[in-house]
Amino acid sequence: MRRGFSLLTAAFVVAAGLLPLSTAANAAAAPPAAAETGKRGITWAPCEEEPEAECGTVAVPIDWSRPWGPTVDLALARRKATDPAARVGSLLVNPGGPGGSGVEMAYAAPGQFTEELQRHFDIVGFDPRGVGRSHPVICSASVYNQMPHAVMTSQADFDRWTAYTKKLRADCRARTGPLYDHVDSVNVARDMDAIRAALGEEKLTFYGVSYATLMGQMYAELYPHRVRALALDSNMDHSLNVKDFLDTEAAAVEDAFDQFVGWCDQEPSCALHGRDVRAVWAGLRAKARAGELYYPGVPDRPMTEVQVLWQGVLGTEGPAWQLLSEMLNALDGGPPPSWVPPLPGRQPVSGEVAELPTAILCQDYNLRVRDYDEYAALMRSSNRLAPDMSYNPMPIEDLPVCLNHPTTNPQHRLRYTGSAPLLLGNSLHDPSTPHIWSANVARQLGPKATLLTYEGWGHRIYGKDRCSTEPIDAYLISLTVPPPDFRCQVGTVASLLKNRSEQWPTDRLPWSGPAATPVVSPAVTAR
């Protein structure tokens with residue numbers, strides 16, 4: 001089994017049992033104004049960017065406690081069902097992030113969803129409040145670019161971040177306006193109900209990936225009797241405290257890296273085959289710490305160690321193991337691959353403003369720590385669980401931004417009281433949303449939730465394999481649920497999706513980045 005993972009699982013299950021039930025604020029009934037808002041309908045017109053799709057907006061209250069107050073327009077895009085006679089209804093979709101564009105996901109629907117699903121549904125994507133075309137959270141670029149290095153090594157660093165986050169939040173609130181304080185996933189769930197009503201649907205059918213699963217979970221809590229089908233792919237776990245959040249992320253990315261090393265050891269096409277991959281990796285990290293490592297095509301500044309660690313995340317999300325091996329070989333002095341992904345991680349921006357979707361995470365997760373000593377203890381815990389990766393750079397880059405941020409939708413155990421069955425999915429070796437998160441969410445949601453486990457690799461299981469895709473289609477179309485704890489063995493790796501190749505996502509647009517070299521992954525023995 002994967003190193004360190006069984007020990008973490010045991011500790012995690014114990015911790016999960018001690019978490020409180022959902023807070024009264026989050027379990028409270030949603031305002032009836034969502035349906036009233038949706039009655040205004042949607043005016044559809046061909047999208048300027050993608051004329052084959054239709055675009056529209058829905059106006060929703062900035063503050064749902066003031067349903068008749070100021071509003072914000074949410075951007076939507078729709079691709080109508082390809083077989084009107086077989087149409088079931090509208091399928092609302094979102095790729096997560098936070099910061100991912102559902103509009104872009106709808107544009108790309110022919111390559112994202114099977115022909116069978118497109119026959120039966122209008123695919124409707126939306127940019128959540130605070131994201132993309134829906135009044136994004138923005139900050140002054142001049143303030144954003146003052147951001148300290150993500151990893152703190154002293155109390156002085158902690159104090160520097162503490163002062164900076166106060167300045168950053170004040171600037172972003174001023175730039176964004178009143179919406180800034182209302183971008184958590186509870187507000188998004190209420191928006192989703194307004195969209196449902198505007199689409200003329202009696203109940204919601206939703207497919208969400210990654211952070212979008214939190215939107216779906218909040219919808220299930222708030223509107224349990226308006227659920228037709230929620231397919232939640234690669235789940236967030238909203239019950240985790242900061243330590244459990246970082247620990248499980250570290251264990252997951254280490255496990256994904258282990259799988260890559262195992263593949264490279266046995267696959268002759270790996271650019272590092274026959275070499276000690278872990279030693280190469282450790283050497284690259286050391287060079288980055290010394291300021292001596294440069295990314296292909298970026299000669300003006302050295303890579304940070306955090307940016308090296310991002311290679312281990314992005315290269316295993318697809319997974320794009322072949323490309324990852326070529327990138328590591330290039331960083332170690334070899335030739336660059338034919339396509340070099342963008343330099344990952346948070347970087348300075350040009351122009352007047354910078355978008356900061358991390359504010360959404362800060363409102364959904366209380367990630368505050370008291371001082372550097374507590375932060376250092378968290379990092380030591382992650383390091384023990386991830387001897388090669390040390391930590392997952394994704395939450396480590398976000399945590400300091402959230403240090404002084406109010407959390408309006410704090411972590412809690414989910415409570416679902418509806419009768420409609422829910423379908424959750426996750427790969428066994430997901431570096432970004434650990435399988436254990438989906439397993440724990442399924443336990444919280446109770447007997448109406450079924451977990452589909454893809455015994456393979458990467459982030460997002462829809463489209464990975466026939467046995468991980470067809471059950472989701474069947475559930476969304478006909479409400480047929482797979483058997484409890486259904487496990488999907490790797491086997492039919494030929495994709496069901498048109499033009500689908502494994503992707504190396506960028507940290508800003510994971511759904512619209514250029515495709516990386518396709519990877520055909522042989523069965524790999526778990527390390």
Side-chain angles (χ1 to χ4, degrees), residues 95-101 104 144-145 147-151 210-211 249-250 252-254 256-257 260 271 280-289 291-332 336-350 354-358 361 382 386 388-401 430-433 457-460 502-517 519:
S101 170
E104 299 281 351
Y144 181 93
N145 288 342
M147 193 173 292
H149 182 60
V151 179
S210 195
Y211 206 84
E249 285 276 67
V253 76
E254 179 74 9
F257 185 80
F260 162 68
V280 171
W281 177 254
L284 294 177
R285 292 185 60 180
K287 287 185 68 175
R289 286 194 299 271
E292 299 171 353
L293 187 66
Y294 288 83
Y295 199 72
V298 187
D300 58 327
R301 63 186 186 278
M303 286 183 75
T304 66
E305 187 176 16
V306 174
Q307 289 172 327
V308 176
L309 296 179
W310 268 108
Q311 304 290 307
V313 177
L314 300 179
T316 56
E317 274 203 350
W321 289 339
Q322 182 65 41
L323 180 58
L324 175 58
S325 73
E326 293 171 5
M327 284 302 303
L328 298 186
N329 187 52
L331 290 171
D332 197 44
S338 58
W339 179 75
V340 177
L343 180 66
R346 187 169 279 134
Q347 302 169 57
V349 299
S350 58
E355 295 186 14
L356 189 70
T358 304
L361 176 74
S382 291
D388 293 298
M389 287 293 300
S390 294
Y391 52 81
N392 189 316
M394 198 178 313
I396 293 303
E397 280 199 334
D398 287 335
L399 181 145
V401 178
D430 186 328
S432 299
T433 55
W457 310 273
H459 188 53
R460 185 203 191 200
E502 298 295 2
Q503 294 185 343
W504 177 296
T506 67
D507 57 337
R508 185 176 186 275
L509 292 174
W511 289 91
S512 59
T517 306
V519 176

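We use all heavy atoms of the structure for the numbers below, so side chains are in, but hydrogens, waters and symmetry mates are not. Since this is a predicted model, take the numbers as computed values, not measurements.
Here the side chains of Leu328 and Leu324 are in contact, with some heavy-atom distance below 4.5 Å. You'll find the side chain of Glu317 reaches within 4.5 Å of the side chain of Pro431, heavy atoms only. Within the 4.5 Å cutoff, the side chain of Arg346 has heavy atoms near those of the Val401 side chain. Met394 places a side-chain heavy atom less than 4.5 Å from the side chain of Trp310. Annotation: side chain of Met303 is in contact with side chain of Leu331 (closest heavy-atom distance under 4.5 Å). Looking at heavy atoms from C-beta onward, Arg285 lies out of side-chain contact with Leu293 at the 4.5 angstrom threshold. Side-chain contact check for Tyr295 versus Pro341: some heavy-atom pair is nearer than 4.5 Å. Looking at Trp281 and Leu309, their side chains come closer than 4.5 Å, going by heavy atoms from C-beta outward.
Taken from OG1 in Thr304 to CG in Leu343, the straight-line distance is 7.5 Å, to the nearest 0.5 Å.
The side chain to side chain donor-acceptor pair (under 3.5 Å) search around Ser325 returns none, not counting sequence neighbours. Applying the side chain to side chain contact (heavy atoms under 4.5 Å, CB included) rule to Pro148 yields the partners Arg160, Trp161, Tyr164; only residues at least two apart in sequence or on another chain are considered. Not counting sequence neighbours, the partners of Arg289 by the salt bridge (Lys or Arg N to Asp or Glu O under 4.0 Å) test are Glu305.
Contact between Ala252 and Asp430 at its shortest, heavy atoms only, is CB-O, 3.4 Å.
Between Phe260 and Trp321, the ring-plane angle classifies as tilted under the 30° and 60° cut-offs.
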